[in-house]
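To start, the structure itself, in structure tokens.
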2 protein chains.
Amino acid sequence: MPRSVPDKRTRLIDTAARLTHEQGYNRTTLADIARESGVPLGNVYYYFSTKEALGEALVDRMNGAYESLRARWNANEDPKARLNAFIQMTIDNRDVLARSGCPVGTLCAELHKAGGPLADHAATLFDNILKWLEQQFRRIGKSGAESRDLAAHVLSALEGGSLLTHTFHDPRFAVREANRLKEWIRDL
Amino acid sequence: MPRSVPDKRTRLIDTAARLTHEQGYNRTTLADIARESGVPLGNVYYYFSTKEALGEALVDRMNGAYESLRARWNANEDPKARLNAFIQMTIDNRDVLARSGCPVGTLCAELHKAGGPLADHAATLFDNILKWLEQQFRRIGKSGAESRDLAAHVLSALEGGSLLTHTFHDPRFAVREANRLKEWIRDL
DNA sequence: GTCTATATGTGGATAGAC
DNA sequence: GTCTATCCACATATAGAC
């Protein structure tokens, strides 16, 4: 029994993900999400008791999506190839980054101004990325401490490039940082 | 006639700068700013016709503050020393960065989700930084195109490090990126 | 220039019928 | 499970006396 239209709960999370990325979390209202999902506003509260609960589900969904990507990259045995696949994502998404920034970076920046449990939950997105990056550097033969530093450097450069790309609506900033990292990994 | 208390307009901008950095622009209300400035809410509108007008003044003030810093760094003739002074700012401010992130980076990220004239105005903060950085690399002897790339790389690394430092409330991410840049500049 | 009171709009959340 | 109507809090902005 194929379902061409996902169930309401899924639709609400998907719409929340898109609108939060485009407009920011605070500026995205439950009324926006409900309308774009084709769900009446009052019905949203059957699935999510508060906006924050929807935010938590949104972070969970993003974590799952990135976990799927990492699983795919793990099919390649070469850790440098895995790192390059991660970096290539920035290049492939350059136009989206120019329009709305990195979905993870902008979400973390915004939520950590408010604090609270949702902010900490969003930080797990970066944490999971860092852990995976660290594993790849260990496979290359780096020590534990150095692997953590190198992982942080990769993510810092890509996030910084994404921020400039977003601010100037110019994909080149992120692409240049990505290419710089690829050369740097090649020579490691 | 020394004035220990700045005039109202100045106080409003200063308070707006602090609260916007701590809480974000959207979550900071004019009532917050008025209260913390010791100005009645209705009186705010005598100085700024809209919240956006206050936002513009805030960006202008930040541009002026960073311009003053750059003027001080320009007193040193050595371009590498100037670059190091810029990078050192990240290290000196590490605890503030851990609590609230980079004032410029978080402001640009938040405002560019909404778009509009204020977002473009905020981008001038990064633009002025990049122009100054580019000048230093030209002084070192780099070409125009390469100087622009190197300037973008410095800012990307520091902003990315600041974002991770903010997200994890851990100063080390920004400090490591700063130290890495210092070594990189030394060997240029 | 200053300040109180208030208008206006909007967002999160609830009540309660179906 | 679904949906309409509505409550309540709060943010921007205005009116108008002083």
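Every chain is numbered from 1 and lettered A, B, ... according to where its sequence line falls, protein lines coming before strand lines.
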Whole angstrom value for the distance that separates P of C:dG12 from CG of A:Leu54: 10 Å
Qualifying residues under side-chain contact (heavy atoms from CB on, under 4.5 Å), relative to A:Asn26, sequence neighbours excluded: A:Glu110, B:Arg27
Would you tabulate the pairs of protein nitrogen or oxygen atoms and nucleotide nitrogen or oxygen atoms of nucleotides 2-5 of chain C closer than 3.5 angstrom?
from, atom 1, to, atom 2, distance (Å)
C:dT2, OP2, B:Tyr47, OH, 2.4
C:dC3, OP2, B:Lys8, NZ, 2.9
C:dC3, OP2, B:Asn43, ND2, 3.3

side-chain hydrogen bond (donor to acceptor under 3.5 Å, both in side chains) partner of A:Asp149, the single match among B:Arg172, B:Arg180, B:Arg176: B:Arg176
Residue pairs involving residues 25-54 of chain B (criterion ring pair (Phe, Tyr, Trp, His ring centres under 6.0 Å); sequence neighbours excluded): none
Integer-rounded Å distance: C:dG9 P and B:Leu30 CG: 18 Å
Geometric class of the B:Trp73/B:Trp132 ring pair [parallel <30°, tilted 30-60°, perpendicular >60°]: tilted
Set of residues satisfying ring-ring contact (aromatic ring centres under 6.0 Å, His included) with respect to B:His21, sequence neighbours excluded: none
Residue pair A:Asn76 / A:Asp78: nearest heavy atoms and the distance that separates them: OD1-N, 3.0 Å
Rounded distance (Å) that lies between atom P of C:dT8 and atom NZ of B:Lys51: 22 Å
Side-chain donor or acceptor of A:Thr165 paired with backbone N/O of A:Ala174 under 3.5 Å: yes
Interatomic distance, A:Asn26 CG vs C:dT10 P [rounded to whole Å]: 18 Å
Side-chain donor or acceptor of A:Asp32 paired with backbone N/O of A:Thr29 under 3.5 Å: yes
Protein-nucleotide distance (A:Tyr45, atom OH; C:dG11, atom P), rounded to Å: 11 Å
Between C:dG11 (P) and A:Glu52 (CD): distance, integer Å: 19 Å
For B:Phe173, ring-ring contact (aromatic ring centres under 6.0 Å, His included) partners two or more places apart: B:Phe168
Protein-nucleotide distance (A:Tyr25, atom OH; C:dG11, atom P), rounded to Å: 14 Å
Distance, rounded to the nearest Å, where A:Asp7 contributes CG and D:dG1 contributes P: 10 Å
Polar atom pairs (N or O), protein with nucleotides 7-9 of chain D, under 3.5 Å:
none

